[in-house]
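Contents: one structure, followed by commentary.
No hydrogens, no waters, no symmetry mates; every other heavy atom, side chains included, goes into these values.
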Amino acid sequence: QVQLEESGGGSVQAGGSLSLSCAVSGKFYSHYCMGWFRQSPGKEREGVAVVVSDGDRIYSDSVKGRFTISKDNAKNTLYLKMNSLKVEDTAMYYCAARRAACYLVADVGPDYYTMTDWGKGTQVTVSS
């Protein structure tokens, strides 16, 4: 099993930046599919960004060009750098992993990738 722990959430004004980290422990392999998802009150969880096994990255249209997902296999850590934050980015952000490889599929977003393990989340609040 894989354990995931997010950190780095907080409050920021619109236009600002935040960086999230996800520390991975347990039986983890570098080829595992990993991603960030978010959920706002009253809304369904949505995929934000996924990094697939060979390093390709998939972003939701709503964050493309503003967010960057990255992974440091040596440190077993997943990151999400968020720039130009908007009020609508306010949500609980979850780190997730899939205990298997995954690969880029044309014309799909992060929600296409099914994850098996989830962190408890970190809150991001963006004010106007």
Side-chain angles (χ1 to χ4, degrees):
Q1 194 166 353
V2 173
Q3 290 79 44
L4 307 167
E5 184 172 2
E6 305 93 340
S7 61
S11 297
V12 65
Q13 286 195 320
S17 299
L18 277 176
S19 292
L20 305 183
S21 298
C22 173
V24 185
S25 59
K27 197 171 184 180
F28 175 76
Y29 296 95
S30 61
H31 67 269
Y32 282 0
C33 192
M34 294 198 69
W36 289 95
F37 295 74
R38 67 186 182 186
Q39 188 167 21
S40 304
K43 293 187 177 181
E44 291 189 358
R45 186 174 61 200
E46 63 168 339
V48 175
V50 165
V51 54
V52 299
S53 301
D54 59 4
D56 285 328
R57 306 166 190 182
I58 302 99
Y59 297 94
S60 68
D61 289 341
S62 62
V63 308
K64 201 172 294 182
R66 300 187 297 122
F67 291 12
T68 302
I69 188 172
S70 61
K71 188 171 67 163
D72 187 331
N73 290 327
K75 295 183 178 180
N76 281 2
T77 304
L78 183 73
Y79 303 97
L80 185 69
K81 174 64 175 176
M82 304 183 293
N83 295 324
S84 302
L85 281 160
K86 303 176 180 180
V87 172
E88 51 264 42
D89 293 320
T90 295
M92 185 71 78
Y93 282 71
Y94 298 91
C95 173
R98 173 178 171 177
R99 278 174 274 132
C102 67
Y103 300 96
L104 183 66
V105 176
D107 300 325
V108 301
D111 288 312
Y112 171 85
Y113 298 91
T114 303
M115 300 297 173
T116 56
D117 298 272
W118 296 83
K120 294 182 179 180
T122 185
Q123 178 68 38
V124 171
T125 302
V126 185
S127 58
S128 59

Could you give the distance from CD (Gln123) to OH (Tyr93), rounded to the nearest 0.5 Å?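 Spacing of CD (Gln123) from OH (Tyr93) equals 9.0 Å.
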Nearest 0.5 Å please: distance from the CG atom of Asn76 over to the CD atom of Gln3.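 Asn76 CG to Gln3 CD: 11.5 Å, rounded to 0.5 Å.
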Is atom CD of Glu5 surrounded by more than 12 heavy atoms (other residues, nucleotides or ligands) closer than 6.0 Å?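 Open: at most 12 neighbouring heavy atoms sit under 6.0 Å from CD of Glu5.
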More than 12 heavy atoms of other residues, nucleotides or ligands under 6.0 Å from CD of Glu88: yes or no?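 Atom CD in Glu88 is packed in, count exceeds 12.
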Does Arg57 use its side chain to pair, donor to acceptor, with the backbone of Ile69 at less than 3.5 Å?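 Side chain of Arg57 to backbone of Ile69: a pair is present.
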Answer yes or no: is there a donor N or O on one side and an acceptor on the other, between the side chain of Thr125 and the main chain of Thr90, under 3.5 Å?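 Flag not set: sc Thr125 to bb Thr90 has no pair under 3.5 Å.
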Non-hydrogen side-chain atoms of [X] and [Y] separated by less than 4.5 Å:
X      : Y      : answer
Arg98  : Val50  : no
Tyr59  : Arg66  : no
Phe37  : Asp111 : yes
Val105 : Tyr113 : yes
Val63  : Arg38  : yes

Measuring centre to centre across the rings, with the benzene-like ring taken for any Trp, is Phe67 within less than 6.0 Å of Trp36?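 Phe67 vs Trp36: aromatic centres not under 6.0 Å.
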Using the rule that Ile, Leu, Val, Met, Phe, Trp and Tyr join whenever any side-chain heavy atoms are under 4.5 Å apart, tell me whether Val108 and Leu104 fall into a single cluster.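 Yes, because Val108 and Leu104 connect within a single hydrophobic cluster, where side-chain heavy atoms sit under 4.5 Å apart.
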For Lys64, is there an ion pair with Asp61 - N to carboxylate O distance below 4.0 angstrom?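 Yes.
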Is any side-chain N of the basic residue among Lys120 and Glu6 closer than 4.0 Å to the acidic one's carboxylate O?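 Between Glu6 and Lys120 there is no salt bridge, as every charged N stays at least 4.0 Å from the carboxylate O atoms.
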For residues Leu20 and Met82, report the shortest heavy-atom separation together with the two atoms involved.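 Taking Leu20 first and Met82 second, the nearest heavy atoms are CG-CE, 3.8 Å.
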